[in-house]
Amino acid sequence: MTSTLDAVLDRARAVGFLGPGPIRAHIEHADRYLAAIPVDALRMVDLGSGGGIPGLAILQARPNLVGVLLDASAKRGAFLTWAIIELGMTDRVSVAVGRAELIAHDPDFRESFDVMVSRGFGPPAATLENARGYLSPDGLAIISEPPGGRSWPESALARLAFAEVDAPTEIAVFRAIGPAPASLPRKHKQQQRDPAF
C-alpha cells in the first residue's frame, strides 16, 4: 500500500471529485453505510462512485467484500483505478465506466451484488431504479439521506420490488424483494420523463 485512504481522498478533492468538508467527515459518513451491510455480504457495487466515497472507505474497512466502483465519467474512472492501485485493492476491487442503467443489464453485473451503495448518484427514484438491476434477490440498496430524511412512497417501492428497512441516521436502506423486474432499469430518458416516484 503506497497511500492512505485520507491521502487518496485528499487527491480526489484536489481534482474536483470530492466535495467540501474535512476528509474524516466523509469517512465517518461512509461508516454509517458499514453499519447496515450484513457481515456475510460478499459483493458490493458503488453507483456513481466519483471520488470514491463511500465505496473506497467501505471496501477498506471490509476486506471480505469484493467491490465494483461504477461511474459514467472516464476521468473519474481513471482516478478510481489509480486509487485502488494506491490502496492495494486490485485483487478484489475493479472499476466499471459507463451508464448505470445500461451496465445493469449486462449479464456480468445483472443481479450480481449483495449490496449497492450510493451517495449523490441522482434523484432518489433514479438511484433505486438503477440499483434494482444490480441487486440479487434479497440484496440491499443503501443510499444517503438529506438531514431530516425524506418520504419513500410504499407503492413506488413495491413497483421497484423494494421494501424499506430500518437504518441508521443519514442513510436509507431498502431490501430487494425477489428477482429484478426485467424492465428495470429503464433508459435514462424514460426515467426522466416518468420517474418511479
Side-chain angles (χ1 to χ4, degrees), residues 29-30 32-50 53-55 58-59 62 65-73 76 95-197:
H29 182 70
R32 290 184 178 87
Y33 290 76
L34 276 169
I37 297 174
V39 293
D40 60 348
L42 299 175
R43 288 181 46 84
M44 182 193 88
V45 61
D46 181 0
L47 290 192
S49 197
I53 287 292
I58 293 168
L59 291 161
R62 291 282 298 273
L65 278 175
V66 172
V68 174
L69 306 175
L70 190 147
D71 203 280
S73 162
R76 288 189 296 268
V95 175
V97 175
R99 303 260 340 151
E101 74 276 11
L102 301 177
I103 294 174
H105 289 282
D106 181 318
D108 290 337
F109 292 87
R110 186 82 179 163
E111 296 184 276
S112 296
F113 298 91
D114 304 307
V115 177
M116 182 286 311
V117 297
S118 181
R119 176 185 175 194
F121 172 80
T127 302
L128 284 181
E129 181 167 339
N130 283 288
R132 195 57 190 88
Y134 292 91
L135 290 172
S136 59
D138 208 38
L140 293 178
I142 307 171
I143 63 176
S144 276
E145 280 274 56
R150 63 170 59 95
S151 173
W152 298 96
E154 201 170 305
S155 60
L157 292 176
R159 278 195 309 278
L160 296 174
F162 273 120
E164 191 170 6
V165 177
D166 286 336
T169 310
E170 294 183 42
I171 63 166
V173 181
F174 305 90
R175 182 170 303 285
I177 302 167
S183 61
L184 298 180
R186 297 168 296 158
K187 291 182 180 175
H188 178 68
K189 287 187 178 182
Q190 290 175 294
Q191 292 184 42
Q192 284 185 314
R193 277 196 309 268
D194 182 24
F197 55 91

Heavy atoms only: give me the nearest [X]-[Y] pair and the separation to one decimal.
X    : Y    : value
G48  : D71  : C-OD2, 3.5 Å
L65  : I58  : CD1-CG2, 3.9 Å
A196 : A125 : N-CB, 3.9 Å
P181 : R132 : CD-CG, 4.1 Å
P54  : A30  : CB-CB, 3.8 Å
L128 : F162 : O-CE1, 3.3 Å

Working to the nearest 0.5 angstrom, can you tell me the gap between [X] [atom1] and [Y] [atom2]?
X    : Y    : atom1 : atom2 : value
R175 : I142 : CZ    : CD1   : 9.5 Å
L70  : F121 : CG    : CZ    : 7.5 Å
L135 : I177 : CG    : CD1   : 12.0 Å
D114 : L140 : CG    : CG    : 8.5 Å

Practice task
Quick one: sort the Y134 and F113 rings into parallel, tilted or perpendicular, breaks at 30° and 60°.
Solution key: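 Ring orientation of Y134 relative to F113: tilted.
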Problem - E111 side-chain N/O to A180 backbone N/O, donor-acceptor pair under 3.5 Å - result: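 Answer holds: yes.
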Practice task
Examine distances only and state if a side-chain atom of H105 and a backbone atom of S183 form a donor-acceptor pair shorter than 3.5 Å.
Solution key: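 It does not hold such a pair.
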Would you mind reporting whether [Y] and [X] have side-chain heavy atoms less than 4.5 Å apart?
X    : Y    : result
I143 : M116 : yes
R186 : E101 : no
V45  : F109 : no
Y33  : I171 : yes

Could you pull out every donor-acceptor pair under 3.5 Å between side chains of residues 34-44 and any protein atom, sequence neighbours left out?
| residue | atom | partner | partner atom | Å |
| --- | --- | --- | --- | --- |
| R43 | NE | S112 | O | 2.9 |

Practice task
May I ask you to check whether over 12 heavy atoms, not counting those of E154, lie within 6.0 Å of atom CD?
Solution key: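 Check fails, neighbour count at 12 or below.
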Problem - Pairs meeting criterion side chain to side chain donor-acceptor pair (under 3.5 Å) with involvement of residues 187-197, two or more places apart - result: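 For residues 187-197: R99-H188, N130-Q191, H188-Q192.
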